[in-house]
Amino acid sequence: MGYGLLAAAIAAEVTATTAMKYSEGFTRLWPSLVTLVGYVLAFALLAQTLKTLSIGTAYAIWAGVGTAAVAAIGIVWMGESAGLAKLAGIALIVAGVVVLNLGGAH
């Protein structure tokens, strides 16, 4: 249950961050509302996740996967560059989350 809530929290955060780009500095109503609702939902779901998962594990996954997903969205759908350094950075974020989770299992 905890990981399902965490996945939903990540999806809400990624949606909110993507909508923020389309809000044009909070000058467009609907993307601004999606941003607000998405972040409220993301934090509410993350708070529920912390009832069953450790804070270090949950936050590392939430922040790392969210960051990597938003970077990938920028590359795939928003025309951002996909240079070697950016791709390596995304891979390092994912690797860091994996290492933190492996370290928490012992």
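Only a predicted model underlies this, so the values are computations on that prediction, with no experimental measurement involved.
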Report the C-alpha distance between Asn101 and Thr57 in whole Å, list the side-chain angles of each, state the deciding distance to 0.1 Å, and finish with yes or no for side-chain contact (heavy atoms from CB on, under 4.5 Å). CA-CA 6 Å; Asn101 283 296; Thr57 298; 2.9 Å; yes
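- Within the structure, salt bridge (Lys or Arg N to Asp or Glu O under 4.0 Å) pairs that include any residue of residues 32-45 do not occur (at least two apart or interchain).
- Among all heavy-atom pairs drawn from Gly64 and Ile93, the shortest one is O-CG2, 3.3 Å.
- Minimum heavy-atom separation, Ala60 to Leu100: CB-CD1, 3.5 Å.
- Linking ILVMFWY residues whenever their side-chain heavy atoms come closer than 4.5 Å, directly or via other members, places Val76 and Val65 in the same cluster.
- Tyr22 meets the ring pair (Phe, Tyr, Trp, His ring centres under 6.0 Å) test with no other residue; sequence neighbours excluded.
- Note on Val98: it does not cluster hydrophobically with Trp62, by side-chain heavy-atom contacts below 4.5 Å among ILVMFWY residues.
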Validation: residues 29-53 side-chain donor-acceptor distances under 3.5 Å, sequence neighbours left out:
unit_1: Ser32; atom_1: OG; unit_2: Arg28; atom_2: O; d: 2.6
unit_1: Thr35; atom_1: OG1; unit_2: Ala16; atom_2: O; d: 3.3
unit_1: Thr35; atom_1: OG1; unit_2: Met20; atom_2: N; d: 3.1
unit_1: Thr35; atom_1: OG1; unit_2: Pro31; atom_2: O; d: 2.9
unit_1: Tyr39; atom_1: OH; unit_2: Thr17; atom_2: OG1; d: 2.6
unit_1: Gln48; atom_1: OE1; unit_2: Lys51; atom_2: NZ; d: 2.9
unit_1: Thr49; atom_1: OG1; unit_2: Leu6; atom_2: N; d: 3.4
unit_1: Thr49; atom_1: OG1; unit_2: Leu45; atom_2: O; d: 2.9
unit_1: Thr52; atom_1: OG1; unit_2: Thr49; atom_2: O; d: 3.3

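- Looking at heavy atoms from C-beta onward, Ile75 lies in side-chain contact with Leu87 at the 4.5 angstrom threshold.
- Closest non-hydrogen pair, Val94 versus Ala68, comes out as CG2-CB, 4.1 Å.
- The list of salt bridge (Lys or Arg N to Asp or Glu O under 4.0 Å) pairs with a residue in residues 64-84, not counting sequence neighbours, reads Glu80-Lys86.
- In this structure, Val70 is a member of the same hydrophobic cluster as Ile61, with clusters built from ILVMFWY side-chain heavy atoms closer than 4.5 Å.
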